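Taking it in order: structure first as structure tokens, then the write-up.
Chain A is the first sequence line, chain B the second, and so forth, proteins listed ahead of strands; every chain is numbered from 1. Since this is a predicted model, take the numbers as computed values, not measurements.
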Protein chains: 2
Amino acid sequence: MKDVALHAGVSTATVSRVLNGHAAPTPETRSRVLAAIDELGYRPNALARSLRTTSTKTFGLVISDLVNPFFAEIARAVEQEARAHGYCVVLANADENDEQQATYVRTLLDRRVDGLLVCPATDDATWVEEVVAGDVPLVLLDRTVTGADCPVVRADGAEALTELAVRLIDTGHRRIGVIAGPAVTSTGRERLEYFSAALAQFGHDLRPEYVVHGDFRRDSGARAAAELVALPERPTALVAMDNLMGLGALEELRRLGLVVPGDVGLAVYDDQPWFPLLDPPITVIAQPTVEMGRAAARSLLALIAGEQPADVRLNAKLIARGSCGETNRG
Amino acid sequence: MKDVALHAGVSTATVSRVLNGHAAPTPETRSRVLAAIDELGYRPNALARSLRTTSTKTFGLVISDLVNPFFAEIARAVEQEARAHGYCVVLANADENDEQQATYVRTLLDRRVDGLLVCPATDDATWVEEVVAGDVPLVLLDRTVTGADCPVVRADGAEALTELAVRLIDTGHRRIGVIAGPAVTSTGRERLEYFSAALAQFGHDLRPEYVVHGDFRRDSGARAAAELVALPERPTALVAMDNLMGLGALEELRRLGLVVPGDVGLAVYDDQPWFPLLDPPITVIAQPTVEMGRAAARSLLALIAGEQPADVRLNAKLIARGSCGETNRG
DNA sequence: TGTGCACATGAGAACGATTACACACGCTGG
DNA sequence: CCAGCGTGTGTAATCGTTCTCATGTGCACA
């Protein structure tokens with residue numbers, strides 16, 4: 001920058017003014033400065049700038065699992081919305097791991113991101129204190145944690161899960177096995193709770209041995225499916241509360257030679273483009289991932305602007321495709 | 001930091017020394033400083049540190065498409081390897097878009113990343129000059145660009161594609177339709193070239209009307225498939241040169257009521273966990289994504305360390321599963 | 001012609017860390 | 001008893017920006 005100033009015969013202050021589009025500089029000096037910048041191939045140092053202005057124009061996004069397409073889509077949406085507003089996104093992958101998440105939150109804070117979007121790996125909220133201490137705007141995405149006082153963006157599955165329960169009961173399923181998410185995540189608990197409540201509401205209690213908790217990943221889905229179909233009274237249908245566990249369950253059922261829905265029905269939480277391609281197409285509860293990502297980014301922007309954005313609750317919806325033996329009617 | 005120094009009754013220099021694990025400070029001062037840090041909840045400002053040390057301990061990773069699971073897996077591997085070496089990864093998603101890619105490269109350079117990993121969206125290499133000008137270590141991943149003098153990490157599909165060609169011919173396929181990647185990407189060109197050469201080698205020239213170029217995304221795969229099966233002499237098999245285009249092709253075939261492999265065979269480049277679940281399971285060419293990501297990160301580390309890492313070529317391999325009507329012996 | 005007023009520009013102090021250098025202190029050895 | 005040395009600390013310059021003032025110039029007005 002000093003070089004540019006020298007080269008254009010002005011001071012660094014003027015170069016800075018030109019760079020930041022201040023009103024002051026004369027058209028003539030402005031063009032001289034621009035010429036010098038261009039000639040020297042000068043690029044401003046964002047670090048120094050941020051150090052001075054205390055603004056990095058950057059969001060930190062911590063997601064639970066990058067290879068989970070649900071989160072990948074969210075990440076993409078967040079990034080698009082952020083970019084549209086001149087923000088950059090630093091993506092951190094917690095890999096469903098508490099400690100890694102905490103490490104990343106710390107790193108992002110140290111780098112002075114302007115705001116933080118987190119899909120918490122678990123309920124553990126110790127990291128929240130650090131964020132609050134750093135006075136960094138925070139928005140929770142998909143999952144909540146206890147005791148965090150910040151906007152939350154999530155999809156509400158209560159209605160869809162109730163509808164699914166009705167559909168399963170109508171189809172004649174009485175023994176339903178649930179491959180639930182971890183009890184240490186809000187989504188893990190809620191989905192199970194809503195579904196179980198819906199069943200109970202219609203007089204069909206979910207027996208404890210028919211619930212197996214996984215970790216939102218593929219292998220756990222396979223293990224849970226194996227465990228469930230091995231029960232003395234085999235469930236007539238399985239519900240996997242996440243697309244990766246659903247994938248694992250499918251693999252396991254296939255491996256065991258069980259036919260869907262003939263031997264056992266299957267419904268999965270989260271839609272994926274390949275679910276309709278299976279035989280039979282899989283019945284799912286679809287979440288509005290793109291809208292979730294967008295909404296979260298917008299909430300964060302609002303927070304940064306000093307507003308108090310309300311929580312966002314979008315609706316997940318049931319898409320019945322026949323993998324539970326039901327008739328396909330959307 | 002000044003506060004910490006004051007609180008511990010030392011100078012900022014000493015605080016810094018404690019922070020950076022210098023040999024100098026006495027155990028006694030060290031603990032006093034640590035106590036003060038802890039008490040004040042002090043967190044060092046990474047920006048200031050980087051400004052001073054000209055090292056950010058950060059890699060920039062520009063990938064072509066975040067929702068493409070192939071790249072998501074690579075990203076995860078890069079991030080893991082980087083983290084293992086104390087580096088952070090800033091992930092940028094080019095969305096298969098040249099301009100967006102250039103913008104991101106520039107942003108990352110401005111933020112003074114210590115190194116750059118790029119999966120180039122196209123052959124356009126203008127952005128490379130900026131990287132070179134900034135004297136930032138660069139490694140290309142998956143795809144190459146013309147005239148970039150830097151280490152490249154990629155999977156070589158020549159062998160697998162040849163094997164696939166043999167397999168298809170053996171199975172009796174004579175009219176083979178190719179859903180190729182964009183001609184402006186090295187992988188798009190190479191895969192087509194290798195496959196076409198392999199066919200030719202066995203006396204079966206690939207006719208131009210049997211090649212349709214897509215853009216490595218789902219919709220283009222569907223369009224290409226539609227176009228190919230509408231040819232007067234319908235191909236007996238389709239080869240999609242990327243998993244997303246393969247997905248699109250599958251959807252289109254399904255929509256048209258064409259049965260795989262009865263009406264038309266299908267093979268896809270890139271494996272995905274759900275391919276084996278389809279009926280029939282899809283024949284694929286699998287790439288070692290995790291190893292690619294790892295290797296790329298290691299190459300970059302080497303480059304930063306001043307070494308001259310050699311290009312890495314890993315092998316893709318054919319996994320025959322029956323979707324081309326062949327026997328499964330893959 | 002001198003006073004006052006815009007207005008563009010420059011000088012220099014931050015921002016928060018690292019680090020070369022100088023200093024003070026307590027030892028040892030002649 | 002003092003030169004000399006090693007050791008632990010502090011002082012201050014520095015990284016590349018931004019931004020507050022102060023300064024200088026030109027112009028209108030009395």
side-chain contact (heavy atoms from CB on, under 4.5 Å) between B:Leu61 and B:Val118: does it pass, once the steps are laid out? CA-CA 6 Å; B:Leu61 171 61; B:Val118 181; over 6 Å; no
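By the 4.5 Å heavy-atom criterion applied to side chains, B:Val132 and B:Leu138 are not counted as neighbours.
B:Glu291 is linked by a salt bridge (Lys or Arg N to Asp or Glu O under 4.0 Å) to B:Arg298, counting only residues two or more places apart in sequence or in another chain. By the salt bridge (Lys or Arg N to Asp or Glu O under 4.0 Å) test, B:Asp156 pairs with B:Arg313, sequence neighbours left out. Residues satisfying the side-chain hydrogen bond (donor to acceptor under 3.5 Å, both in side chains) test with A:Asp123, not counting sequence neighbours, are A:Arg189. Residues forming a side chain to side chain contact (heavy atoms under 4.5 Å, CB included) with A:Glu28 (at least two apart in sequence, or on another chain): A:Thr26, A:Arg32. Under the rule for a salt bridge (Lys or Arg N to Asp or Glu O under 4.0 Å), B:Arg111 has no partner lying at least two apart in sequence or in another chain. Here B:Arg30 pairs with nothing under the salt bridge (Lys or Arg N to Asp or Glu O under 4.0 Å) rule; sequence neighbours left out.
Side-chain atoms of B:Glu81 do not come within 3.5 Å of backbone N or O of B:Gly293 as any donor-acceptor pair. Side chain of B:Asn20 to main chain of B:Ser16: a donor-acceptor pair is present (N/O by atom type, distance under 3.5 Å, no hydrogens or angles).
The distance from atom CZ of B:Arg30 to atom C1' of D:dT9 is 14 Å, rounded to the nearest whole Å. Atom CG in A:Leu40 sits about 15 Å away from atom C1' in D:dG16, given to the nearest Å. Regarding B:Asp110, its CG atom lies at a distance of 10 Å from the P atom of D:dT17, rounded to whole Å. What separates NE2 of B:His22 from C1' of C:dA20 is a distance of 12 Å, to the nearest Å. One can place CG of B:Leu6 at 16 Å from C1' of C:dG16, the figure rounded to the nearest angstrom. Atom P of nucleotide C:dG16 and atom CG of B:Asn20 are separated by 17 Å, given to the nearest angstrom. Going from atom CZ of A:Arg112 over to atom C1' of C:dC15 covers 11 Å, rounded to whole Å. What separates CZ of A:Arg49 from P of C:dC15 is a distance of 19 Å, to the nearest Å.
Close to D:dC15, at under 4.0 Å from its OP1 or OP2, lies no side-chain N or O of A:Asn45. In terms of phosphate contacts, A:Thr14 brings a side-chain nitrogen or oxygen within less than 4.0 Å of OP1 or OP2 of C:dG10.
Legend: ring-ring contact (aromatic ring centres under 6.0 Å, His included) pairs involving residues 54-91 of chain A, not counting sequence neighbours, sorted by first then second residue: A:Phe59-A:Tyr87. Listed by first and then second residue, the ring-ring contact (aromatic ring centres under 6.0 Å, His included) pairs involving residues 97-137 of chain B amount to none (not counting sequence neighbours).
Within the model, atoms CE of B:Met1 and CG of B:Leu40 stand 13.0 Å from one another, a figure rounded to the nearest 0.5 Å. Residue A:Ile304 holds its CD1 atom at 5.5 Å from CG of A:Asp114, rounded to the nearest 0.5 Å.
Out of D:dT18, C:dT18, D:dG10, the shortest distance to the side chain of B:Met1 is found at C:dT18.
For the helix from C:dT1-D:dA30 to C:dG30-D:dC1, the terminal axes (five pairs an end, C1' atoms, rotation from four pairs onto the next four) enclose an angle of 60°, given to 10 degrees.
Comparing B:Leu51 and B:Arg17 against DNA chain C, the residue whose closest nucleotide sits nearer the 5' end is B:Leu51.
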Dump the pairs, protein N or O against N or O of nucleotides 5-8 of chain D, anything under 3.5 Å, distances to one decimal.
unit_1 : atom_1 : unit_2  : atom_2 : d
D:dG8  : O5'    : B:Ala24 : O      : 3.4

Interface polar pairs with nucleotides 12-14 of chain D, N/O, under 3.5 angstrom:
unit_1 : atom_1 : unit_2  : atom_2 : d
D:dT14 : O2     : B:Arg52 : NH1    : 2.7

Using a cut-off of under 3.5 Å, enumerate the N/O to N/O pairs linking the protein to nucleotides 23-27 of chain D.
none

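Contact annotation for A:Val10: backbone-only contact, meaning every heavy-atom pair under 4.0 Å involves sugar-phosphate atoms and none involves a base.
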